[in-house]
Each structure stands twice: as structure tokens, then as C-alpha cells.
Amino acid sequence: MSTHRAKYGLALAFLLVALFAPGNALANGFRIPDQGARGMGMANATTAQGNDATALYSNPAAVGELDGTYTAAGFTLIYAVGSEFTSDIATLQDQDADDDLFYPLHMFFVTDAGTERWNFGLGIYSQWGNGRDWDA
């Protein structure tokens with residue numbers, strides 16, 4: 001009887017950790033997984049493909065399939081509409097946020113440097129490129 005309780009207790013603990021893990025929150029919807037036009041056009045299904053330099057973002061090992069030198073650069077334009085927060089609790093103040101414009105950049109460089117066995121890459125990008133500026 002106690003082994004069944006231990007199994008169910010362990011399963012319940014695992015389920016609670018999985019449901020309430022902070023990694024599942026994805027930063028309140030502010031994450032930017034778009035790091036190139038090809039990846040966006042393929043619904044970010046570029047993990048198993050090393051077709052261009054942006055593969056550094058989702059799967060750096062995939063750039064081993066590239067021959068020669070590749071570069072990619074761009075930005076994602078994000079327009080955030082203003083927000084209002086009104087609280088029913090007396091201790092919390094009402095807040096307003098203005099409209100804002102964000103443009104997180106991304107740049108990638110991959111080369112095989114003339115070798116057959118090695119590829120080198122550098123990726124500069126922002127996964128969390130926007131935010132909110134609330135009243136003090």
C-alpha cells in the first residue's frame with residue numbers, strides 16, 4: 001500500500017513542478033524567437049536545418065553543414081500599444097504606460113575559414129528585446 005502512495009506522491013510532485021516551473025512563463029509574452037526571415041517564414045522550424053547563418057540561434061551545431069562564409073543581419077519591429085492598470089485594492093496605485101517602439105537587432109556570421117572540418121560562427125541577438133515603462 002505504501003509503494004502506491006509513494007508512486008502517486010512522486011507523480012504529483014513532478015506534475016506540480018512541471019505546471020508551476022517559471023520557465024513555462026516565457027517572460028510574460030515578451031520573448032522574441034524570430035531571428036531571421038527564413039526562420040520566421042518556416043514558423044521557426046529551423047532547428048534541424050543549417051541553411052544559413054541564423055542557424056546559430058536555434059542549433060549552432062547545424063552550421064557544420066555550411067561551406068563558405070555566410071552573414072545575416074536584421075531587426076524585428078515591435079510596436080507596443082499603451083496600457084492602463086486600474087486596481088480595486090486601495091494600496092495599489094493605478095498605472096499608465098505610453099505607446100512604445102522596439103527594434104531588437106540580430107547579426108550572424110559563419111565561416112569555414114577554408115577548412116574542411118571546422119566552422120566558426122558569431123551570433124549577436126536579443127531574445128528579450130522589449131519591455132514596459134510604467135509610471136513611478
Side-chain angles (χ1 to χ4, degrees):
M1 184 80 151
S2 63
T3 59
H4 290 293
R5 285 185 184 172
K7 287 181 183 179
Y8 289 121
L10 183 60
L12 179 62
F14 179 76
L15 180 64
L16 289 174
V17 168
L19 288 175
F20 296 107
N24 291 335
L26 294 177
N28 197 21
F30 291 111
R31 182 169 175 250
I32 304 168
D34 305 326
Q35 302 296 333
R38 173 179 244 148
M40 288 173 57
M42 296 173 62
N44 291 324
T46 58
T47 302
Q49 299 177 358
N51 296 334
D52 60 13
T54 61
L56 281 172
Y57 176 77
S58 56
N59 184 4
V63 300
E65 300 176 14
L66 300 176
D67 293 328
T69 300
Y70 293 78
T71 59
F75 64 94
T76 303
L77 189 61
I78 301 168
Y79 177 72
V81 179
S83 301
E84 290 184 14
F85 172 75
T86 305
S87 174
D88 295 334
I89 301 172
T91 57
L92 294 177
Q93 297 178 353
D94 295 344
Q95 298 280 326
D96 291 325
D98 296 330
D99 294 355
D100 215 340
L101 184 65
F102 302 96
Y103 44 92
L105 305 172
H106 58 268
M107 295 178 283
F108 299 95
F109 173 78
V110 174
T111 184
D112 63 2
T115 65
E116 290 185 24
R117 298 186 65 188
W118 294 92
N119 280 26
F120 305 94
L122 175 66
I124 301 170
Y125 54 87
S126 173
Q127 274 189 305
W128 315 97
N130 58 359
R132 266 295 179 221
D133 187 18
W134 296 96
D135 296 335

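Bear in mind the structure is a predicted one, so any value in this text is a computation, not a measurement.
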Least distance between heavy atoms, Ala55 atom then Ala62 atom: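 Nearest pair, atom of Ala55 first, then Ala62: CB-CB, 4.3 Å.
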
Closest heavy-atom pair and its distance - Tyr125, His106: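 Smallest interatomic distance, heavy atoms only, reads CB-CB, 3.9 Å.
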
Is any side-chain heavy atom of [X] less than 4.5 Å from a side-chain heavy atom of [Y]?
X	Y	value
Leu66	Asn119	yes
Phe109	Leu56	no
Phe102	Tyr79	no
Leu105	Ser126	no

Reported CG-to-OG1 distance for the pair Asn59 and Thr54, which is rounded to 0.5 angstrom: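 It is 11.0 Å, given to the nearest 0.5 Å.
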
Rounded distance [0.5 Å steps], CG in Asp67 versus OG1 in Thr115: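 Between atom CG of Asp67 and atom OG1 of Thr115 there are 9.5 Å.
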
Flag, side chain of Asp112 to backbone of Gly68, donor-acceptor distance under 3.5 Å: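 Confirmed, Asp112 side chain pairs with Gly68 backbone.
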
Shared hydrophobic cluster, Leu101 / Phe75 (ILVMFWY, side-chain heavy atoms < 4.5 Å):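 Same hydrophobic cluster.
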
Transitive ILVMFWY side-chain link Trp118 to Tyr70, under 4.5 Å: no

Tyr57/Phe108 under ring pair (Phe, Tyr, Trp, His ring centres under 6.0 Å): CA gap, chis, key distance, verdict: CA-CA 9 Å; Tyr57 176 77; Phe108 299 95; 7.2 Å; no

